[in-house]
There are 2 protein chains.
Amino acid sequence: MERSLLKHFIKSRGLRQSSQRDRVVETFLSQKGHTSAEELLIQVRKKDKRVGLTTVYRTLKLLTESGLAVERKFNRQVSTFEPARIGQHHDHLICLGCGKIMEFENKNIETLQEEVARKHTFFITHHVLELYGTCLDCSKKGAKKPKKK
Amino acid sequence: MERSLLKHFIKSRGLRQSSQRDRVVETFLSQKGHTSAEELLIQVRKKDKRVGLTTVYRTLKLLTESGLAVERKFNRQVSTFEPARIGQHHDHLICLGCGKIMEFENKNIETLQEEVARKHTFFITHHVLELYGTCLDCSKKGAKKPKKK
DNA sequence: CATTATAATGAAAATGATTTTCATTTTCAT
DNA sequence: ATGAAAATGAAAATCATTTTCATTATAATG
Ligand SMILES: [Mn+2]
Ligand SMILES: [Mn+2]
Ligand SMILES: [Zn+2]
Ligand SMILES: [Zn+2]
């Protein structure tokens with residue numbers, strides 16, 4: 001279903017199809033969690049050795065522009081991407097101890113955000129809400145080395 | 001007043017004082033709004049030509065670690081810093097049209113964030129909340145070129 | 001004040017993620 | 001089948017920030 005969205009997007013842009021891009025898209029959409037370009041390349045290369053990092057970056061940009069991917073830029077300086085669930089939105093809890101990422105939705109917060117915007121005569125297109133701290137496991141075990149990932 | 005905080009921090013770290021650092025700190029604290037290292041260097045150099053960018057970066061890091069500065073990393077890939085108002089916290093509305101940044105505080109949102117964390121047995125140390133969109137001016141004038149800054 | 005260990009400095013090089021370039025290959029409308 | 005244009009990937013470029021390193025400045029001590 002999402003695949004057709006991309007096909008449509010490709011066509012509407014006058015782009016062509018290619019096996020490399022197909023492989024990247026396919027691999028990306030099968031991914032769960034948040035994936036960086038480098039990580040995605042590793043997965044893609046398990047299927048096709050000839051795909052380059054540049055193409056992964058280019059495809060990720062295409063996916064993002066077409067609305068099939070959402071880019072996240074948490075703590076670190078690398079971007080990660082996750083498949084977009086249509087009509088859905090969520091925010092994140094990020095553990096600074098182990099790197100674990102949890103997702104949540106909270107309509108009340110979003111409503112309050114709109115209220116804030118209204119007070120400032122501002123029109124929100126999107127927002128970033130990230131809660132950083134310590135997960136249960138890490139608060140038990142005490143200070144731990146952050147997961148590099 | 002904040003100055004003494006830094007002095008104390010410097011001493012507790014076994015560091016020495018220097019005129020360059022003093023100048024950077026002084027200039028930074030007099031700044032309003034969100035300032036990048038590069039921008040701060042320009043201001044500092046109006047007073048002292050011999051200060052280097054490296055020292056600005058180092059001082060900004062020191063200020064952040066001592067709690068006198070808060071680092072923000074909005075849309076762009078450059079970090080900006082703002083003087084920390086003691087015991088205060090605020091979040092931002094960022095206009096994608098003109099780059100204008102507005103600040104707000106909303107205790108209700110923060111309370112809901114804590115509630116979310118509690119549900120996940122998570123302990124928040126800090127959070128990022130950024131509302132992106134269009135300000136009143138920009139929504140009037142229609143689509144405009146984003147302020148580079 | 002002189003000594004001296006070491007912190008501070010800044011120019012230049014390194015880093016690291018992402019983007020750009022460009023010569024070559026592939027796609028697809030005709 | 002043909003050709004214009006898109007896609008590719010290796011290598012170079014970008015760009016903010018950090019690291020390196022030779023030199024200078026600071027301040028505790030005698
Ligand atoms: Mn997510
Ligand atoms: Mn602010
Ligand atoms: Zn954890
Ligand atoms: Zn605006």
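Throughout, a chain's letter reflects where its sequence line sits, starting with A, and its residues are numbered from 1.
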- Do A/His34 and A/Phe74 pass the ring pair (Phe, Tyr, Trp, His ring centres under 6.0 Å) test, and can you show the C-alpha distance, the side-chain angles, and the key distance before you say yes or no? CA-CA 10 Å; A/His34 307 84; A/Phe74 300 126; 5.6 Å; yes
Value in whole Å for how far the [atom2] atom of [N] lies from [atom1] of [X]:
X	N	atom1	atom2	result
A/Lys7	C/dT27	NZ	C1'	14 Å
A/Ile10	C/dT26	CD1	P	19 Å
A/Asp22	D/dT8	CG	C1'	14 Å
A/Gln17	D/dA7	CD	P	11 Å
A/Leu40	C/dA17	CG	C1'	15 Å
B/Leu53	C/dA11	CG	P	10 Å
B/Arg76	D/dT14	CZ	P	20 Å
A/Lys11	D/dA6	NZ	C1'	16 Å

Which part of the nucleic acid does [X] contact within heavy-atom distance under 4.0 Å: base, sugar-phosphate only, or nothing?
X	value
A/Arg21	sugar-phosphate
B/Glu38	nothing
A/Thr54	base

Pair [X]-[Y], side-chain donor/acceptor within less than 3.5 Å:
X	Y	value
B/His89	B/His127	yes
B/Asp48	B/Gln20	no
B/Glu71	B/Ser79	yes
B/His90	B/Glu82	yes

From [options], nucleotide with atom closest to [X] side chain:
X	options	result
B/Leu15	D/dT8, C/dA8, C/dG16	C/dA8
B/Val78	C/dT9, C/dG16, D/dT17	D/dT17
A/Gln20	D/dT17, C/dG10, D/dT8	D/dT8
A/Thr55	C/dT9, D/dT18, D/dG9	D/dG9
A/Ser79	C/dT9, C/dC28, C/dT18	C/dT18

Assigned partner base of [N], Watson-Crick or wobble definition, under 3.5 Å:
N	value
C/dT30	D/dA1
D/dT20	C/dA11
C/dA17	D/dT14

- Message: I need the minimum non-hydrogen distance between A/Ile101 and A/Ile94, along with the two atoms involved.
- Response: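 Closest approach of A/Ile101 to A/Ile94: CG1-CG1, 4.3 Å.
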Look for any protein N or O under 3.5 Å of an N or O in nucleotides 2-6 of chain C and output each such pair with its distance, or none.
from, atom 1, to, atom 2, distance (Å)
C/dT6, O4', B/Arg16, NH2, 3.4
C/dT6, O2, B/Arg16, NH1, 2.3
C/dT6, O2, B/Arg16, NH2, 3.2

- Query: Between A/Arg21 and A/Thr59, is there a donor-acceptor pair closer than 3.5 Å when you use the side chain of the first and the backbone of the second?
  - Reply: no
- For D/dT18, does either OP1 or OP2 sit under 4.0 Å from a side-chain N or O belonging to B/Tyr57?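 Answer no for this pair, as no side-chain N or O of B/Tyr57 is under 4.0 Å from OP1 or OP2.
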- Message: Is B/Ser18 close enough to C/dT9 that one of its side-chain N or O atoms is under 4.0 Å from OP1 or OP2 there?
- Response: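 Answer is yes, contact under 4.0 Å.
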- Any A/Gln113 side-chain heavy atom under 4.5 Å of A/Ile124 side chain: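 Yes, close enough: below the 4.5 Å cut-off.
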- Message: Please report the interatomic distance NE2(A/His120) to CE(B/Met102), rounded to the nearest 0.5 Å.
- Response: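 Output value for this atom pair is 6.0 Å.
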- Item | Rounded distance [0.5 Å steps], CG in A/Asn108 versus OG1 in B/Thr111 | 12.0 Å
- Message: Any residue in residues 41-52 of chain B with a heavy atom nearer than 4.0 angstrom to DNA chain D? Just list them by number, or reply none.
- Response: none
- Task: By nearest nucleotide on DNA chain C, pick out whichever of A/Arg58 and A/Ser36 is the more 5' one.
- Result: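 Counting from the 5' end, the first nearest nucleotide belongs to A/Ser36.
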- side chain to side chain contact (heavy atoms under 4.5 Å, CB included) assessment of A/Glu110 paired with A/Asn106: CA-CA 7 Å; A/Glu110 319 255 320; A/Asn106 189 303; 5.8 Å; no
